[in-house]
Asker: 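Quick one: this structure, given as structure tokens, is what I'll be asking you about.
Keep in mind it's a predicted model, so treat the numbers as computed, not measured.
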Amino acid sequence: MSKPSPVGSVMIAAARAAGRSLARDFGEVENLQVSKKGPADFVSNADHRAEEIIFTHLSKARPGYGFVMEERGIVEGTDKSNRFIVDPLDGTLNFLHGQPHFAVSIALERDGELLTGVIFDVAKNEIFWAETGRGAWLDNRKLRVAARRDLHESVIATGTPWHGKSEESHVTFAREVAAMTPATAGIRRNGSAALDLAWTAAGRFDGFWERNLQPWDIAAGIVLVREAGGMISELDGGDVLQTGSILAANSDLHPKLEKQIRHAASFGKAASV
């Protein structure tokens, strides 16, 4: 059994503390004051409280580290090598509708490289964590991505563009789902990219793809999938943290999923001629 590094332990403690706050608010979700931040993009008092807890914990433990946070934005630190990438509540829409599938996600980036990832599934009390060279873990159990090779036997997770996204985003998604559905055993949309990646690392999903996510949605999950033996790529060949368009799977399924996504793009071009 591996143990997290000191900074990994601090990140786990911060995620658990934020999770306790979220759990209390989830129990009173109907009483939460909710403001609308944009089309289908909600932020709650619970979100802000959880982020403040994480910021306080990590700032005290690692003074000088910078932050990239969903609500607070970029916080420059005196230590220019290290920064935490934080989503205090991934799956906000699930949370606000009383659906127990949401997570706290924290990653550590050092000199542009993702080193540590922690994802806390609050409702299930599951801590997923990974550090470069130490493997990926669910609490004290070592994780490996699923070993399936046949796409037709595989369950693949994805995320649906919300209604504020462009028409092109919705069209692209529809084409990709149309290409993926007959090629796989099933497609799942659970509403938390962080947990989709954690579950891919744990072998619960055989793969995951989604476009136009934010760094805090995927940074911790990227470390988990890589350390669990999986592959991560950007859907169009760019920088995955810059574009947020991600594909994750084991080494056998990854190229097959890429092929289906390319097929969806070519189908779209042919259909538009």
Side-chain angles (χ1 to χ4, degrees), residues 11-12 14-26 29 32 34 37-38 40-55 57-58 67-73 84-109 114 116-130 136 138 157-162 164-165 188-202 204-205 208-225 232 240-241 243-246 248:
M11 292 165 65
I12 289 171
R16 285 198 177 277
R20 287 192 292 271
S21 176
L22 290 173
R24 287 192 296 270
D25 284 328
F26 187 68
V29 67
L32 285 177
V34 180
K37 192 168 60 175
D41 187 7
F42 298 94
V43 58
S44 69
N45 290 340
D47 206 335
H48 287 291
R49 278 192 290 270
E51 186 170 275
E52 184 62 32
I53 289 168
I54 294 167
F55 183 76
H57 267 70
L58 296 181
F67 289 84
V68 179
M69 311 186 84
E70 182 176 14
E71 307 303 339
R72 194 180 294 254
F84 295 110
I85 304 175
V86 177
D87 191 343
L89 175 53
D90 187 69
T92 307
L93 201 57
N94 287 346
F95 182 90
L96 292 176
H97 285 77
Q99 299 173 17
H101 191 76
F102 55 89
V104 179
S105 178
I106 307 173
L108 173 62
E109 182 185 60
L114 293 171
T116 306
V118 173
I119 296 173
F120 181 31
D121 184 333
V122 178
K124 299 176 191 65
N125 193 31
E126 292 184 330
I127 281 278
F128 299 87
W129 65 274
L138 170 52
T158 190
T160 308
W162 40 270
K165 291 291 186 180
R188 297 291 182 268
R189 197 280 189 191
N190 288 343
S192 168
L195 287 176
D196 287 341
L197 285 164
W199 284 23
T200 300
R204 297 175 182 177
F205 289 136
F208 168 69
W209 96 96
E210 190 170 349
R211 293 183 180 274
N212 303 315
L213 293 165
Q214 297 296 331
W216 48 80
D217 296 321
I218 59 177
I222 287 173
V223 184
L224 275 157
V225 172
I232 295 284
V240 67
L241 282 184
T243 69
S245 296
I246 187 170

Asker: On a heavy-atom basis, which atom in Ser44 and which in Leu89 lie closest, and how many Å separate them?
Answerer: OG-CD2, 4.4 Å
Asker: Checking Phe120 now: which residues fulfil ring pair (Phe, Tyr, Trp, His ring centres under 6.0 Å) with it, not counting sequence neighbours?
Answerer: none
Asker: Could you tell me the separation between the CG atom of Asp47 and the OG1 atom of Thr92, rounded to the nearest 0.5 Å?
Answerer: 5.0 Å
Asker: Would you check if Phe84 and Met11 make a side-chain contact, meaning some heavy-atom pair closer than 4.5 Å?
Answerer: yes
Asker: If every non-hydrogen atom of Ala193 is compared with every non-hydrogen atom of Phe208, which pair is closest and at what distance?
Answerer: CB-CZ, 4.1 Å
Asker: Can you tell me how the ring of Phe102 sits relative to the ring of Phe95, calling it parallel under 30°, perpendicular over 60° and tilted otherwise?
Answerer: perpendicular
Asker: Nearest heavy-atom pair of Gly221 and Leu197: which atoms, and what distance?
Answerer: CA-CB, 3.7 Å
Asker: For the pair Asn94 (side chain) and Asn190 (backbone), establish whether a donor and an acceptor sit closer than 3.5 Å, ignoring hydrogens and angles.
Answerer: yes
Asker: Less than 3.5 Å apart, any donor N or O on the side chain of Asp90 or Ser192 sitting next to an acceptor on the other?
Answerer: yes
Asker: How far apart are the closest heavy atoms of Ala219 and Ala107, and which atoms are they?
Answerer: CB-CB, 3.6 Å
Asker: Mind running salt bridge (charged side-chain N to carboxylate O under 4.0 Å, His left out) on Glu210 and Arg188 for me, showing each step along the way?
Answerer: CA-CA 12 Å; Glu210 190 170 349; Arg188 297 291 182 268; over 6 Å; no
Asker: Start with the C-alpha gap between Leu58 and Ile106, add the side-chain angles, then the distance that decides, and say whether side-chain contact (heavy atoms from CB on, under 4.5 Å) holds.
Answerer: CA-CA 10 Å; Leu58 296 181; Ile106 307 173; 4.1 Å; yes
Asker: Just verifying a value: how many Å separate Ile218 CD1 and Asp87 CG, rounded to the nearest 0.5 Å?
Answerer: 11.5 Å
Asker: For a side-chain contact (heavy atoms from CB on, under 4.5 Å) check, start with the C-alpha distance between Phe205 and Thr200, then their side-chain angles and the critical distance, and finish with the verdict.
Answerer: CA-CA 5 Å; Phe205 289 136; Thr200 300; 3.7 Å; yes
Asker: Using modelled atom types only, decide if a donor and an acceptor are shared between the side chain of Glu51 and the backbone of Glu71 within a distance under 3.5 Å.
Answerer: yes
Asker: Testing Val118, Asn125, Val104, Ile53 for side chain to side chain contact (heavy atoms under 4.5 Å, CB included) with Arg16, which one passes?
Answerer: Asn125
Asker: Can a donor-acceptor pair be found, under 3.5 Å and without considering hydrogens, that links the side chain of Thr158 to the backbone of Trp209?
Answerer: yes
Asker: Shortest non-hydrogen contact from Ile54 to Ala14?
Answerer: CG1-O, 4.0 Å
Asker: If we only count heavy atoms from C-beta on, is the Ile232 to Ile246 side-chain gap below 4.5 Å?
Answerer: yes
Asker: Quick check for you: to the nearest 0.5 Å, what is the distance between Leu241 atom CG and Ile85 atom CD1?
Answerer: 6.0 Å
Asker: What's the separation between atom CG in Asp196 and atom CZ in Arg189, rounded to the nearest 0.5 Å?
Answerer: 8.5 Å
Asker: Regarding Arg72 and the six-membered ring of Phe55, is the cationic atom NZ or CZ under 6.0 Å from the ring centre and inside 45° of its axis?
Answerer: yes
Asker: Is there a side-chain contact (heavy atoms from CB on, under 4.5 Å) between Leu213 and Ser245 once you walk through the steps?
Answerer: CA-CA 6 Å; Leu213 293 165; Ser245 296; over 6 Å; no
Asker: Which value, rounded to the nearest 0.5 Å, describes the distance between Leu224 atom CG and Ile222 atom CD1?
Answerer: 10.5 Å
Asker: Determine the minimum heavy-atom distance between Pro88 and Leu22, stating which atoms define it.
Answerer: O-CD1, 3.3 Å
Asker: Would a 4.5 Å heavy-atom cut-off, applied to side chains only, mark Asp121 and Leu195 as touching?
Answerer: yes
Asker: Decide yes or no on side-chain contact (heavy atoms from CB on, under 4.5 Å) for Asp25 and Asn45, but give the supporting numbers first.
Answerer: CA-CA 9 Å; Asp25 284 328; Asn45 290 340; 6.0 Å; no
Asker: So do Trp216 and Ser105 actually touch side chain to side chain, heavy atoms under 4.5 Å?
Answerer: no
Asker: Output the distance between atom CD (Glu126) and atom CD1 (Ile119), rounded to the nearest 0.5 Å.
Answerer: 11.5 Å
